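Computed over heavy atoms, backbone and side chain alike; hydrogens, waters and symmetry mates excluded. What you see is a predicted model; the values in this text were computed from it and never measured.
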Amino acid sequence: ARPGPPHELGAAIRLEEAVPYGGATVGMDGGRLTVATPAAAWHYAAALPLRLDALSDPADAFRPARILIDAVVEQGRIHIGALAPDGSTFVAGDIFAADDGDGRGWAVRYDLFLPRFADAGAVMVRNAAGGGLPSVVRITGVTVLGCAIPPPQPGDEDTLHVFYDLGQLPISYDILVFLAAAETRRAERGLARLHVTFIPGAHDGDRLPDADYDAMVDRSARRWRLHDIMVAAVGCFPTAAGHTLAVSRFAGLLRQTGVPHAFPEPSETDFREMHAVYRFAEPRWRGTLPVVVPRADPQGLRYARQWLDRHAGGRRTVVITLRQYGYHAARNSAVAEWAAFARGLDPTLWFPVVVPDTDRALEEPAPALDGLCLFTEPCFNLGLRMALYELAHLCLFTSGGPPFLAVLGDRCRYLYFKPLAAGAESASEAALRRQGFVPGETPFRRTPFQEWVWEDDRLPVIGRAFAAMCRRIDAG
């Protein structure tokens with residue numbers, strides 16, 4: 001049976017009961033609540049208690065709920081979230097900023113989903129502006145809807161439903177580690193398959209805008225990545241039976257409450273941050289769980305073999321994958337060093353092939369790469385990229401996302417250089433330790449022919465590590 005439509009939960013939140021915090025001011029005018037926050041960033045400003053005693057059906061406290069808050073952000077940036085009853089964490093929340101164009105503020109709707117209404121004790125308003133600036137928001141209305149838990153579907157009993165929240169997590173190759181984490185959960189529970197649902201973010205399907213990132217990866221680029229990286233990544237996991245793009249954020253989050261096996265479970269709020277996903281996945285991936293690792297598709301292998309048969313001439317293939325990206329450029333490959341390495345290989349024994357960064361694949365190659373073989377098609381087909389990595393004698397990478405196709409597999413021999421990059425916060429030692437990585441060690445290792453080289457990609461370093469790994473491979 002289909003669940004009934006959402007129903008209003010009466011006066012479960014009352015604007016007139018707002019409690020100010022930390023020097024904030026609150027005021028009611030014509031049924032609307034205005035909150036002026038303290039100047040400090042992330043300080044609490046006003047709490048709206050959730051009234052379980054106002055529920056006509058007490059069982060609604062243990063069913064999903066949707067809190068719709070209509071507001072005008074008149075100044076700064078405002079975070080409104082649902083705070084756990086003990087005040088320890090936010091179980092839902094979002095941020096909107098004032099429109100600095102006409103000065104009249106930006107009318108927005110905060111849409112907060114709770115797996116259970118009782119999971120929250122209050123709605124909290126806080127200042128999300130930086131620079132010591134206060135923010136002002138006028139809340140014009142609140143609607144609280146109770147929702148029935150959707151019933152399980154045929155096949156759910158032995159399926160791990162994986163929910164990737166595009167409102168919380170990046171549209172990037174990080175999806176590979178997220179799927180690896182889900183695969184370890186599937187193996188732990190002895191389930192037959194994965195099914196992946198992508199949940200749209202609250203901001204036109206995306207996360208909260210970030211000016212620096214948006215300048216490099218705009219909305220069109222993110223839509224491209226969703227289909228050409230995220231969806232394609234699902235197909236690299238043999239246990240993945242399919243995927244769904246949820247029609248709305250609410251539909252995806254509600255579905256998560258109705259399946260018997262979910263990853264993450266609605267209560268696993270830590271997995272809203274990728275560093276927690278990495279910490280969860282890495283030791284399990286290296287352990288004894290019967291995980292099914294990513295694999296190249298047979299058709300991808302056929303295409304990759306066709307290309308190699310025509311170009312390699314029986315020589316051992318060395319695939320060099322470059323990072324040449326505008327975002328966190330400190331992590332980029334030292335192109336001249338890689339070109340010098342490739343030219344230094346004995347051409348009678350080795351076939352070096354360069355896979356450029358996808359964003360540079362259709363541009364004129366860097367002059368340093370003149371005369372080298374560039375293979376650009378894998379930049380636009382994840383399955384072909386995976387197949388090339390599996391068929392190579394050795395893959396060579398610098399810091400980035402595509403290497404994780406090899407990192408998580410057991411048919412790819414690789415060296416991964418420059419995990420640490422000065423000037424890039426995402427590749428700092430602190431960031432990597434948050435992910436559970438230990439400098440000097442090789443995370444996710446599945447075979448002896450996989451190694452992280454914790455040095456910059458300079459010619460002497462590349463040559464030394466390459467020679468050592470080749471000796472290891474030749475020794476079996």
Asker: Is the distance between the ring centroids of Phe96 and His79 under 6.0 Å?
Answerer: no
Asker: With sequence neighbours excluded, tell me which residues meet salt bridge (charged side-chain N to carboxylate O under 4.0 Å, His left out) with Arg302.
Answerer: none
Asker: Might you point out which heavy atoms bring Phe280 and Pro283 nearest each other, and give the distance in Å?
Answerer: O-CD, 3.9 Å
Asker: Are there more than 12 heavy atoms of other residues, nucleotides or ligands under 6.0 Å from atom CZ of Arg445?
Answerer: yes
Asker: For Glu8 and Leu145, indicate whether the former's side chain and the latter's backbone hold a donor-acceptor pair under 3.5 Å.
Answerer: no
Asker: Quick test of your reading of the model: are Arg272 and Asp165 salt-bridged, counting only N-O distances below 4.0 Å?
Answerer: no
Asker: If the threshold is 4.0 Å, N to carboxylate O, is there a salt bridge linking Arg193 and Glu183?
Answerer: no
Asker: My understanding is that only residues two or more places apart in sequence, or in another chain, count here; which of them pass side-chain contact (heavy atoms from CB on, under 4.5 Å) with Asn381?
Answerer: Leu384
Asker: Does a salt bridge link Asp111 with Arg249, judged by any charged N lying under 4.0 Å from a carboxylate O?
Answerer: no
Asker: Suppose we screen for side-chain hydrogen bond (donor to acceptor under 3.5 Å, both in side chains). Which residues come up paired with Thr269, at least two apart in sequence or across chains?
Answerer: none
Asker: Do Phe178 and Phe263 have ring centres separated by under 6.0 Å?
Answerer: yes
Asker: Could you report the tightest heavy-atom contact between Val355 and Val319, atom names first, then the distance?
Answerer: CG2-CG1, 3.9 Å
Asker: Are Pro356 and Cys379 packed together at the side-chain level, in the sense that at least one heavy-atom pair is separated by less than 4.5 angstrom?
Answerer: yes
Asker: Using the test side-chain contact (heavy atoms from CB on, under 4.5 Å), find all partners of Ala330 that sit at least two apart in sequence or belong to another chain.
Answerer: Ala424
Asker: Which atom pairs, donor and acceptor, lie under 3.5 Å between side-chain atoms of residues 21-38 and protein residues at least two apart or in another chain?
Answerer:
from  : atom 1 : to     : atom 2 : distance (Å)
Thr37 : OG1    : Ser135 : N      : 2.9
Thr37 : OG1    : Ser135 : O      : 3.3

Asker: Determine the minimum heavy-atom distance between Ala246 and Ile199, stating which atoms define it.
Answerer: CB-CA, 4.5 Å
Asker: Assess the pair Trp452 and Phe417: is the distance between their ring centroids shorter than 6.0 Å?
Answerer: no
Asker: Just jot down the salt bridge (charged side-chain N to carboxylate O under 4.0 Å, His left out) partners of Asp119, sequence neighbours excluded, or say none.
Answerer: Arg116
Asker: List in chain and number order the residues that pass salt bridge (charged side-chain N to carboxylate O under 4.0 Å, His left out) with Asp174, two or more places apart in sequence or in another chain; answer none if no residue qualifies.
Answerer: none
Asker: Hey, are the side chains of Leu191 and Thr159 touching, using non-hydrogen atoms and a 4.5 Å cut-off?
Answerer: no
Asker: In chain order, what residues pass the salt bridge (charged side-chain N to carboxylate O under 4.0 Å, His left out) check against Asp410, with sequence neighbours excluded?
Answerer: Arg295
Asker: Taking all non-hydrogen atoms of both residues into account, name the closest pair between Ala182 and Leu194 and its distance.
Answerer: O-CD2, 4.0 Å
Asker: Which atoms form the tightest heavy-atom contact between Glu441 and Trp454, and what is the distance?
Answerer: O-NE1, 2.8 Å
Asker: Using the side-chain hydrogen bond (donor to acceptor under 3.5 Å, both in side chains) rule, collect all pairs that involve residues 41-50, keeping only residues at least two apart or in two chains.
Answerer: none
Asker: Does Arg279 have any side-chain contact (heavy atoms from CB on, under 4.5 Å) partners at least two apart in sequence or in another chain, and if so, which?
Answerer: His275, Ala276
Asker: Kindly write out the residues that satisfy side-chain contact (heavy atoms from CB on, under 4.5 Å) with Cys412, not counting sequence neighbours, or none if the list is empty.
Answerer: Tyr389, Glu390, Ala406
Asker: Charged N to carboxylate O below 4.0 Å: is that the case for Asp53 and Arg51?
Answerer: yes
Asker: Indicate the atoms forming the closest heavy-atom contact of Phe271 with Pro264, along with that distance.
Answerer: CD1-CB, 3.4 Å
Asker: Heavy-atom count around Tyr327 OH within 6.0 Å, excluding the residue itself: above 12?
Answerer: yes
Asker: Is Pro402 close to Tyr173 at the side-chain level, that is, under 4.5 Å between some pair of heavy atoms?
Answerer: yes
Asker: Determine, for Glu188 against Arg284, whether the closest basic-nitrogen to carboxylate-oxygen distance falls under 4.0 angstrom.
Answerer: yes
Asker: Output a table of donor-acceptor pairs, distance under 3.5 Å, between side-chain atoms of residues 224-236 and any protein atom two or more places apart or on a different chain; print 'none' if there are none.
Answerer:
from   : atom 1 : to     : atom 2 : distance (Å)
Arg225 : NH1    : Ile171 : O      : 3.2
Arg225 : NH2    : Tyr325 : OH     : 2.9

Asker: So, are Glu451 and Arg446 salt-bridged, with charged N and O less than 4.0 Å apart?
Answerer: no
